[in-house]
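Convention: sequence-line order gives letters A, B, ...; per-chain numbering from 1. Since this is a predicted model, take the numbers as computed values, not measurements.
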Amino acid sequence: MSEPINNLPEQKTSNFVRDIIDEDLKTNKYDGRVNTRFPPEPNGYLHIGHAKSICLNFGIARDYNGMCNLRFDDTNPSKEEVEYVESIKEDVRWLGFSWGNREYYASDYFEQLYEYAVALIKKGLAYVCELTPEQIREHRGTLTAPGKESPFRNRSIEENLNLFERMRNGEFPDGSKTLRAKIDMSSPNINMRDPIMYRILRESHHRTGDKWCIYPMYDWAHGQSDSLEKITHSICTLEFEDHRPLYDWFVEKLGIYHPQQIEFARLNLSYTVMSKRRLLQLVEDGNVSGWDDPRMPTISGLRRRGYTPESIRYFAERIGVAKRENMIDVALLEDSLREDLNKRSLRVMAVLKPLKVVIDNFHDEKVEMLDATNNPEDESMGKRKLPFSKILYIEQDDFMENPPKKFFRLSPGTEVRLRYAYIIKCESVSKDPKTGEITELHCTYDPETRSGTGTSQKKVKGTIHWVSANHSVNAEVRLYDRLFKIENPSGDDWKASINPESLTIIKNCKLEQSLINAKKQDRYQFERLGYFCVDYDSSPANIICNRTVTLKDTWAKIAKTGE
RNA sequence: UGCCGGGUCGUCUAAUGGCAGGACAACGCCCUUUGGAGGCGUCUGUAGAGGUUCGACUCCUCUCCCGGCAGCCA
């Protein structure tokens, strides 16, 4: 079916939506055409849940040799902005999809929608209602009780036509009148109880400016837009299931082309929130630095964090598409990323929390250049030279004065291999006499054990990373953790479970000197630590790296269970 | 309590009347100059009760559980 994504394992992409399309193709329902659409409302940034929908819609178009339209559902000028339109286009493009010249706006159809409304009025199927919002709510009835008909329901067609035209002409104040479909106030489906088609709203629209003072509601705009674009399969999320009878009613009464609405379950990801309302609140309340904060599940946040478009597409294939409610383990997203990055990222060495090591038996001035492999998964990525000298930095975590049994790293009197270099032995520990803090380690190296020479049979359990003190560059590293402490933050106090440790900033990290030329967004694997990328805030004078995701850490597990 | 939809390993998702499979997670082992990567293995599931059938995750009936719907939001 679908093409493999880069070097990532091929996924079976069958799902119930594709089954429906297969069947429609077999019966020639749409003359063999497949035309989907991705219809975001430009009132916020796209998130990983939208990515699922984008991959579904654009993926189907690709696999069925069809088309996928990008359509902005911009029917509510009070919440929508150009900034969002631009960010949405950037995100879809970045994910690897293109919509060619099929960029549409519901607002492009305002005139046609108006004509359709007039047609419905002429058929006696829509009327101008003057009930206040409160009265409309009262007349709607409840989930268990039927509604009451509006006293304006049986106006003449002429009067409705006249009033509707005057609504458009701006003769009535905001909210004073609505155009409603005349369906059934006692329908068990509340969406069918004379739904509002137009409201009066004097608000400048990002595309139509002040041309209109009446704006169509979602239900009235969406299906007709699909119809005008000759969409075959209009794929949306489950909460619109109850709207399908209305969707069908409009196109049938209008006698226009009838696309098929299909609903699937939206993505829920553990340890985060996904609603635009809540994401907006995090941004506005300053819990994060912005929509593209690397802790946000937004596309722009994931991008800044260092995620690849391929990994997100791969993730979207792996989670599948179905109708049951779901809660995807964020570990699957992280696994999808590692799977991609492992195969293609350059390995480098970086020490986050430096501990000074002096190699006592190494020549004071000597600098030895060692061979290091750029990516053991891909020989074609070649090798680089690494400077080794008397004074090094290793990770504080890689030394323990009183190590537990399964600690394979350095401790007094034990040996460990320095990656791509020599086996060293810890001879003594220097401490600050006042604080007791370890200030430096004195070690000796075994010249017979240089990496790759095979001149020594010596084996050690552990290999640790390091950088040469005089050949390192300083950097700030930002470590990110999940934004929430609980799997499913919900309810009014959802913010109570924000993880206060979701961001840890470490200064004075030591990177190997090859990183001096790193550009923004460049991705690396810091050996043994994880995948990192250069942040937007970074500059040559002040390098800043984001930890995208850690490597799987067996030791962390052992250490944890040992506690 | 009205209408709509949904219940398959811990989490996702296949099987559409014919061997309940895969992935992630977890656990164990092997391998390893990244405690990475890789390899092998283990664990765990059809909500319940009836029925139809040679045969039911699948079809029928009833029950239970979960989600959505009462914006001039989408």
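Under 3.5 Å, the side chain of A/Ser451 and the base of B/rU33 form at least one donor-acceptor pair of N or O atoms. Within 3.5 Å, a donor on the side chain of A/Glu377 pairs with an acceptor on the base of B/rG36, or the reverse. On a pure distance criterion of 3.5 Å, no polar donor-acceptor pair joins the side chain of A/Asp553 and the base of B/rG35. On a pure distance criterion of 3.5 Å, a polar donor-acceptor pair joins the side chain of A/Arg417 and the base of B/rU33. Under 3.5 Å, the side chain of A/Arg318 and the base of B/rU13 form no donor-acceptor pair of N or O atoms.
The interatomic distance linking A/Asp194 (CG) with B/rG71 (P) rounds to 15 Å, in whole Å. One can place CG of A/Leu46 at 14 Å from C1' of B/rA74, the figure rounded to the nearest angstrom. Rounded to whole Å, atom P of B/rC73 lies 14 Å from atom OH of A/Tyr198. Between A/Met327 atom CE and B/rC66 atom P there is a gap of 16 Å when expressed in whole angstrom units. In this structure, the CG atom of A/Leu341 is 19 Å from the P atom of B/rU34, given to the nearest Å. Taking atom CG on A/Leu143 and atom C1' on B/rA70, their separation rounds to 5 Å, with Å as the unit. Here the P atom of nucleotide B/rC4 and the CZ atom of A/Phe264 are 23 Å apart, to the nearest Å. When rounded to the nearest whole Å, the span between CG of A/Asn191 and P of B/rA70 equals 8 Å.
A/Glu527 comes within contact range of at least one nucleobase, with a heavy-atom separation under 4.0 Å. A/Gly452 comes within 4.0 angstrom of a nucleotide base, judged by non-hydrogen atoms across all strands. As judged by a 4.0 angstrom heavy-atom cut-off over every strand, A/Arg409 is placed among the base-contacting residues. Nucleic acid contact class of A/Ile328 (heavy atoms, under 4.0 Å, all strands): sugar-phosphate only. Residue contacts for A/Leu269: at a heavy-atom cut-off of 4.0 Å it reaches no nucleic acid atom on any strand shown. A/Val321 comes within 4.0 angstrom of the backbone, heavy atoms only, and of no base. Across all strands, A/Lys461 comes closer than 4.0 Å to no nucleic acid atom at all (heavy-atom distances). Using a 4.0 Å heavy-atom criterion, one finds that A/Pro376 contacts the bases of the nucleic acid, with or without backbone contacts as well.
For A/Arg338, there are no salt bridge (Lys or Arg N to Asp or Glu O under 4.0 Å) partners, not counting sequence neighbours. With sequence neighbours excluded, no residue forms a salt bridge (Lys or Arg N to Asp or Glu O under 4.0 Å) with A/Lys552. For A/Arg140, there are no salt bridge (Lys or Arg N to Asp or Glu O under 4.0 Å) partners, not counting sequence neighbours. With sequence neighbours excluded, the residues satisfying side chain to side chain donor-acceptor pair (under 3.5 Å) with A/Lys385 are A/Asp371. With sequence neighbours excluded, no residue forms a salt bridge (Lys or Arg N to Asp or Glu O under 4.0 Å) with A/Glu379. Applying the ring pair (Phe, Tyr, Trp, His ring centres under 6.0 Å) criterion to A/Tyr445, with sequence neighbours excluded, gives A/Phe362, A/Tyr422. Annotation: ring pair (Phe, Tyr, Trp, His ring centres under 6.0 Å) contacts of A/Tyr524 (sequence neighbours excluded): none. Partners of A/His465 by ring pair (Phe, Tyr, Trp, His ring centres under 6.0 Å), not counting sequence neighbours: none found. For A/Asp248, the side chain to side chain donor-acceptor pair (under 3.5 Å) partners two or more places apart in sequence, or in a different chain, are A/His258.
Each of A/Phe240 and A/Arg137 was assigned the nucleotide of RNA chain B with the nearest heavy atom; the assignment lying further toward the 5' end belongs to A/Arg137. Comparing A/Ala265 and A/Asp19, the nucleotide of RNA chain B nearest to each residue sits closer to the 5' end for A/Ala265.
Among B/rA70, B/rG35, B/rA14, the nucleotide with an atom closest to any side-chain atom of A/Thr142 is B/rA70. Of the candidates B/rG5, B/rC69, B/rC73, B/rC73 carries the atom nearest the A/Lys79 side chain, counting heavy atoms from C-beta on. Of the listed nucleotides (B/rG5, B/rA70, B/rU16), B/rA70 has the atom at the smallest distance from the side chain of A/Ile190. Taking only side-chain atoms of A/Phe407, from C-beta outward, the nucleotide of B/rA70, B/rA14, B/rG35 with the closest atom is B/rG35. Among the nucleotides B/rA74, B/rA14, B/rG6, the one closest to the side chain of A/Ala322 is B/rA14. Out of B/rG35, B/rA74, B/rC3, the shortest distance to the side chain of A/Met217 is found at B/rA74. The side chain of A/Arg528 lies closest to B/rU34, out of B/rU34, B/rA74, B/rU33. Between B/rA37, B/rC73, B/rC4, one nucleotide has an atom nearer to the side chain of A/Asn342 than all others, and that is B/rA37.
OP1 or OP2 of B/rA74 has at least one side-chain nitrogen or oxygen of A/Arg199 nearer than 4.0 Å. Here A/Thr144 does not reach the OP1 or OP2 of B/rA70: none of its side-chain N or O atoms lies under 4.0 Å away. Within the structure, a side-chain polar atom (N or O) of A/Thr75 is placed less than 4.0 Å from OP1 or OP2 of B/rA74. Look at A/Arg140 and you'll find a side-chain N or O under 4.0 angstrom from OP1 or OP2 of B/rC72. An OP1 or OP2 oxygen of B/rC66 is reached within less than 4.0 angstrom by no side-chain nitrogen or oxygen of A/Arg324. For B/rU33, neither phosphate oxygen OP1 nor OP2 lies less than 4.0 angstrom from any side-chain nitrogen or oxygen of A/Arg419.
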Item checked: Residues A/Arg71, A/Asp226; criterion salt bridge (charged side-chain N to carboxylate O under 4.0 Å, His left out); working and verdict -> CA-CA 9 Å; A/Arg71 181 171 72 235; A/Asp226 284 343; 2.6 Å; yes
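Electrostatic pairing of A/Arg155 and A/Glu130 counts as a salt bridge here, judged by a charged N lying under 4.0 Å from a carboxylate O.
Of the candidates A/Phe152, A/Phe172, A/Tyr127, A/Phe172 is the only one forming a side chain to side chain contact (heavy atoms under 4.5 Å, CB included) with A/Leu163.
Between A/Trp291 and A/Tyr45, the ring planes are parallel. Angles under 30° get that label, and only those over 60° would be called perpendicular. The aromatic rings of A/Tyr109 and A/Tyr104 are tilted relative to each other, their planes meeting at an angle between 30° and 60°.
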Find every protein N or O atom lying less than 3.5 Å from an N or O atom of nucleotides 25-31 of chain B, and list the pairs.
from: B/rA26; atom 1: OP1; to: A/Lys557; atom 2: NZ; distance (Å): 3.2
from: B/rA26; atom 1: OP2; to: A/Lys557; atom 2: NZ; distance (Å): 3.4

Next item on the list: Using Watson-Crick or G-U wobble pairs with both distances under 3.5 Å, give me RNA chain B in dot-bracket, 5' to 3', with [ ] for crossers and | for pairs to another strand.
Entry: .((((((..((((....[..)))).(((((.......)))))....(((((..]....))))))))))).....
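The stretch residues 170-179 of chain A comes close to RNA chain B through A/Gly175, A/Thr178, each having a heavy atom under 4.0 Å from the strand.
Surrounding CZ of A/Arg266 are at most 12 heavy atoms belonging to other residues, nucleotides or ligands under 6.0 Å away.
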